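For reference, the structure discussed in these notes is given below.
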Amino acid sequence: MADAKREIERKYESDESGLPDLTGVAGVANVLDKGTAELDATYYDTSDLRLASAGVTLRRRTGGSDAGWHLKLPVAPGIRDEIHAPLSDTVPDELAALARSRVREGQLVPVIRLRTTRDIQHLVDADGALLAEASVDRVRAERLFGGEGKAQWTEIEVELADGTDPSFLDKVEKRLGKAGVRPSKSPSKLARALAETKGGKPHPPKPDSGAPVTAGDHVLAYVRAQRDAIAELDPAVRLDTEEGVHDMRVATRRLRSTFRSFRKVLDREVTDPVADELKWLAGELGLGRDLEVLAERLMTALEELPRPLVSGPVHDRLRAWAEAGERGSRRRLLGVLDSKRYLDLLDTLDALVADPPLLKAAAGKPEKVLAKAVRKDFAKVTDLIETAMEQPPGHDRDLGLHEARKKAKRTRYAAEAASPALGKPAKTMVKSMKSLQSMLGEHQDSVMARETLRELSAVAHAAGESAFTYGLLYGREEQRAVAVEAETPGVWKEIKKDAPV
C-alpha cells in the first residue's frame, strides 16, 4: 500500500565549498552531521516525457532511509505531494494508476538515472527536534532514453521536517543568501538532468500565444484551465482526498457550461459530443459525492434532535445506508477513472485545445461577444426563477427552482470566463450567481433529503421499527425549504436590480 506525505523543499546552486554554517539561523540550536548516503534513482516517463512536462516525477530509488518507489505530484513551487511504495522490479500498480491521467495509453520507460552522493545535516531546535534536513548533493546524471548524454553538478537541498512552520525555510534562505548561495534555476534534479543531457528538455504543452485578446482567446483560456484541472485532480480523486471529487466535478461542469454558453464562439458540432461525455463523467463523480453530502446533512439533523425524539435504531440505519452507498460508489468511480471511455475523453479535450473549433464570433471583441453570452444566460435564469415562483408549493416548484439553480451555475461559469475581459461587472455577476446557487442548493438538498427520509421510513416500518423520527426530520426539512422559497423573491429582486452585465 502506498503512503503519502507533503514534501516542502528548496534547492540551491552550489560549488564544492559545501554548506555554509547554519547555526546562525533563528530557531536552530544545533546542526548535526548525519553522514553520507549513496542514492541511486531511475526515473520513469513516457517516450514523449508527459510526466516531466506536467512537473510530475516517478522514480525507483535505492539507498538512503526511504528506498522505494516515489511519485511526486506538484502542489505549488517548492511543494509536492510524495507517494511512496515499497521496492519492486516494476512500477507499482497504485503509482501507475495515480499517473494514468498523464500517461494514458502510453508506456512508462526508464529515461534518466541519477546517482547522488548526499552529505546530510539535521537542523534541530533546543529540544533536539528536527526542523529541517540540509544536504549537499553531488549528482551524476545519465540519459537512458532519447539520447546517451551525461551530466554532473552539485546542489544544496533543504527539506522541511514534518510539523515545522514553512516560514523557517525563509530564514534558512536568508542565511544562505548572505553566504552567496543562490536558488537553483531548475525546479528539480530530473528537470536539470533532462536539460543537460543529450536529448534536450521535456516537451512542454504548446505555450499560450500571450495575453487573451479576442473573445476566442478568453474562452479557450478558460477551457484550457478546466482541462488541466481535470488531469491534475485525477490523483486526488483516486487518493480520496477531502475535496478531490468535488473539485473535479466542478471542473467538468465548468467545461460543459462553457461549451453551451459560448456556442457562438466554439462550434457545437464539435463540442456537443464532448459536453455529453463531460455530463457522463460529472454524473459518475456525483454518485458518491451527493450521497456523502446528503448523509452528512441527515446525520447532523439527527444529532440536533433531543434524545427523547429519537425513536428506534435511526442512527444505525442511517449509517448502514451511507456506508453501503459509499462502498459501491467508490469502487465504481475507480473503475470509471481506469476506463477507456474516460481516457478517450482526456485525449479528446487535448485535441480540442490543440485545434479549437473556432467560429466567426471568436475573432470578435470580448467586451461584446462575452457580455452578450452572459446576458443571455442571465435572462434564462430570470425566466426560470419567475416561472418557478408562480407555481404552487410542491413538485413543479421544486423542479423549477432546481432548473434555475443549474442555470445560475452556468451563468456563474460564463461570467468567470468573461471576468478577465469584462472586469468588475462580470465579477459582480459571479458573486450574485454564487449566492443564488447556494440558496437554491439548500432548497434542492432539502428535496433530496425528504425523498431519502421517505424511503428510509418505509424500510424501517416494514422492519417493525418506529417511523416517528423520520417523519419529524421530514417536517424539519420541509420547513427549511419553505424558508428558502419565502426568501427567494426578495433575493432575486435585489440580484435583478443590480445585474451589472
Side-chain angles (χ1 to χ4, degrees), residues 233 236-237 239-250 253 282-333 393-395 397-399 401-402 404-406 408-409 412 431 433-463 465-488 490-491:
L233 287 164
V237 174
L239 290 169
D240 200 20
T241 60
E242 185 173 356
E243 293 297 322
V245 169
H246 170 71
D247 291 345
M248 189 174 182
R249 189 184 186 191
V250 168
R253 285 174 166 173
E284 296 291 349
L285 290 165
L287 290 176
R289 174 67 181 179
D290 289 344
L291 186 147
E292 178 186 349
V293 171
L294 181 56
E296 183 179 349
R297 182 185 182 97
L298 294 176
M299 286 292 189
T300 300
L302 183 61
E303 290 168 2
E304 291 174 350
L305 288 180
R307 186 176 296 274
L309 298 181
V310 180
S311 179
V314 185
H315 283 95
D316 292 341
R317 189 167 292 284
L318 268 178
R319 189 177 297 109
W321 164 78
E323 290 176 352
E326 183 179 353
R327 285 193 299 270
S329 63
R330 178 71 184 159
R331 287 194 299 269
R332 180 184 176 94
L333 180 54
H395 177 266
R397 177 181 285 185
D398 292 344
L399 186 60
L401 290 176
H402 180 48
R405 177 179 178 242
K406 292 194 291 185
K409 281 185 183 180
R412 171 189 169 188
K431 185 176 180 180
M433 291 299 98
K434 186 176 181 180
S435 175
L436 178 65
Q437 173 189 332
S438 177
M439 184 180 70
L440 297 182
E442 169 66 18
H443 186 275
Q444 178 62 15
D445 287 347
S446 172
V447 171
M448 299 305 297
R450 280 178 279 156
E451 289 183 6
T452 301
L453 288 167
R454 277 197 299 267
E455 295 170 0
L456 291 174
S457 174
V459 173
H461 179 74
E465 300 166 6
S466 171
F468 170 78
T469 302
Y470 300 101
L472 182 59
L473 292 173
Y474 185 99
R476 291 193 170 195
E477 286 291 351
E478 196 169 43
Q479 289 177 346
R480 294 168 80 170
V482 169
V484 172
E485 292 175 21
E487 183 184 3
T488 298
V491 171

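Since the structure is predicted, the reported quantities are computational estimates derived from the model, not experimental observations.
Atom-to-atom distance recorded for Leu472:CG and Ser457:OG is 12.0 Å, nearest 0.5 angstrom. Rounded to the nearest 0.5 Å, atoms CZ (Arg454) and CD (Glu451) are 5.5 Å apart. Distance CG/Leu298 to CZ/Arg319: 13.0 Å, rounded to 0.5 Å. To the nearest 0.5 Å, atoms CG (Leu333) and CD (Glu284) are separated by 7.5 Å. A distance of 4.0 Å separates CH2 in Trp321 from CG in Leu294, rounded to the nearest 0.5 Å. Here CZ of Arg480 is found 8.5 Å from CG of Asp445. Values are rounded to the nearest 0.5 Å.
Looking at heavy atoms from C-beta onward, Leu285 lies out of side-chain contact with Arg253 at the 4.5 angstrom threshold. At least one side-chain heavy atom of Val491 sits under 4.5 Å from a side-chain heavy atom of Met439. Residues Gln479 and Val482 form no side-chain contact, since every pair of their non-hydrogen atoms from C-beta on lies 4.5 Å or further apart. Residues Arg412 and Leu436 form no side-chain contact, since every pair of their non-hydrogen atoms from C-beta on lies 4.5 Å or further apart. Looking at Asp398 and Glu485, their side chains come closer than 4.5 Å, going by heavy atoms from C-beta outward.
Smallest separation of non-hydrogen atoms from Ser446 and Glu478: OG-N, 4.3 Å. Between His315 and Met299 the shortest heavy-atom distance is O-CE, 4.0 Å. Ser329 approaches Gly288 most closely through the heavy-atom pair OG-CA, 3.5 Å. In plain terms, the two heavy atoms of Glu242 and Arg289 that are nearest each other are O-NH1, 4.2 Å. For the pair Leu309 and Phe468, the tightest heavy-atom approach, listed with the atom from each and the gap, is O-CE2, 3.6 Å.
A distance-only check finds a donor-acceptor pair linking the side chain of Thr469 to the backbone of Ser311 [under 3.5 Å]. For Thr241 (side chain) and Ala236 (main-chain N/O), a donor-acceptor pair under 3.5 Å exists by modelled atom type. Side chain of Thr488 to main chain of Val484: a donor-acceptor pair is present (N/O by atom type, distance under 3.5 Å, no hydrogens or angles). Between the side chain of Thr300 and the main chain of Glu296, a donor-acceptor pair closer than 3.5 Å is present.
Residue-environment remark: CZ (Arg332) stays at or below the threshold of 12 foreign heavy atoms within 6.0 Å. Remark: His461 NE2 is loosely packed, at most 12 non-hydrogen atoms of other residues, nucleotides or ligands lying under 6.0 Å away.
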Requested in this report: Run the numbers on Met448 and Val293 for side-chain contact (heavy atoms from CB on, under 4.5 Å), then give the verdict.
Outcome: CA-CA 11 Å; Met448 299 305 297; Val293 171; over 6 Å; no

Report task. Using the side-chain contact (heavy atoms from CB on, under 4.5 Å) rule, take Leu305 and Leu473 through it: C-alpha gap first, then chi angles, then the decisive distance, then the call. Result -> CA-CA 9 Å; Leu305 288 180; Leu473 292 173; 3.7 Å; yes

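No side-chain donor-acceptor contact under 3.5 Å links Gln444 and Arg405.
Ion pairing between a basic and an acidic side chain is recognised when a charged N comes within 4.0 Å of a carboxylate O; Glu465 and Arg317 show such pairing. Glu442 and Arg297 are joined by a salt bridge, as a carboxylate oxygen and a charged side-chain nitrogen come within less than 4.0 angstrom of each other.
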